[in-house]
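So the structure is just underneath, and the comments pick up after that.
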Amino acid sequence: MKTIVLFGLVLGALCAAGKVFIAEVGLKVTLECGFDRRQNVLEWKRSPSTTIWKILGKNGYPSKGKDPIAPRSALSNTHLVIKNVKETDFGTFTCFVDGKSNEHTLIVVTVPGDQNRVLQVGASDILECKVNSPGNRATVQWVKPGGLVLNSNKVNLNTVATSDKGIWQCKVSQEEATFTKNITIQIKEPDPEPTTPGLKKNPKSPKSENGNSTSGGGVGIWDEDSFVLLGLVWWVWVAIGAGGLIVIILIVVIVVIYKRNRRKRREFLRMKLSQKPKKYCQCVRQTAAAKPQQGRRREKPSALPLQPLLQE
Ligand SMILES: *[C@@H]1O[C@H](CO)[C@@H](O)[C@H](O)[C@H]1NC(C)=O
């Protein structure tokens, strides 16, 4: 029994030298070798067995290996620094220093989409935390703004609600390595109805808010967006006013034209009447005496100025 525990402790101590590193796609990660000093050889290899970097001899120059990571990486003391991490970079990395070695694990996390999102109530979205790890041993969770933990790497927000607002955290862990990525969600309220904002947002007087929202009450409310009177936005009143003005102008014009026409007709008639006798007098002498008399009688009530002339 004792030997098993001891064996376990020794194995644990050996394994502890190998570390787990978690990197996010596009960023930089530093893999620590675990041996800080070297006398002679330093080599970083990627499983199965491709060399990334190698130095031979105490004053030797580093030489680049054939692994696709090599061009994006550099040595820093005994550490391997990988820039612009790619999804396919995950795996097992071994560093060799003077005959000793440590096997490390690199996990790569991809969180597609924006880190800050503005979503409409009722919209849908997907929160994903893609994890590439050797043997898929990493644990992935999403922590909701309220603190609720979802044991999944993917969250389908089918109908976004106000309660979804806040920081969503993707948590990846394996052994003592942990990684957190925050996604901040802001919720946009749906656009309000065009006529309601003035009534809704009346800020300082709750009394008048009640009166206005129910009946309108004949009180106007100034608002940042619109002036509302009797439940109508200001420009509706302007339109009504302009329409009324046009109607009034039309009526005035019609009345003026009508009156002018009547006056002209009366004048025309008067002219005709005053000319007729002259014509008859000049041209047809026999009938001239009779016809004007009929005209005179008809005209009596309306054409007063003619009377004295006719009576003569
Ligand atoms: C994520 O959010 C938590 C709190 O909500 C904060 O403590 C933490 O620093 C944030 N992490 C990052 C990487 O921004």
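Ligands are counted one by one from 1 in listed order, and the atoms in each one are counted from 1 as well.
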Side chain to side chain donor-acceptor pair (under 3.5 Å) with Arg72: of Asn84, Asp89, Asp67, only one passes, and it is Asp89
When Ile, Leu, Val, Met, Phe, Trp and Tyr are grouped by side-chain heavy atoms lying under 4.5 Å apart, directly or through other members, which residues fall in the same group as Val143? Val149
Given Lys19, which partner from the list Glu103, Glu176, His104, Glu32 fulfils the side chain to side chain donor-acceptor pair (under 3.5 Å) test? Glu32
Ligand 1 versus Lys181, non-hydrogen atoms closer than 4.0 Å: side chain, backbone, both, neither? neither
Spacing of Leu127 atom CG and Lys181 atom NZ [to the nearest 0.5 Å]: 12.0 Å
For atom 2 (O) of ligand 1, the option (of Ile167, Val143, Thr180, Asn182) bearing the nearest heavy atom: Asn182
What atoms of ligand 1 come within less than 4.0 Å of a heavy atom belonging to Gln169? 1 (C), 2 (O), 3 (C)
Heavy-atom protein contact below 4.0 Å for atom 9 (O) of ligand 1: no
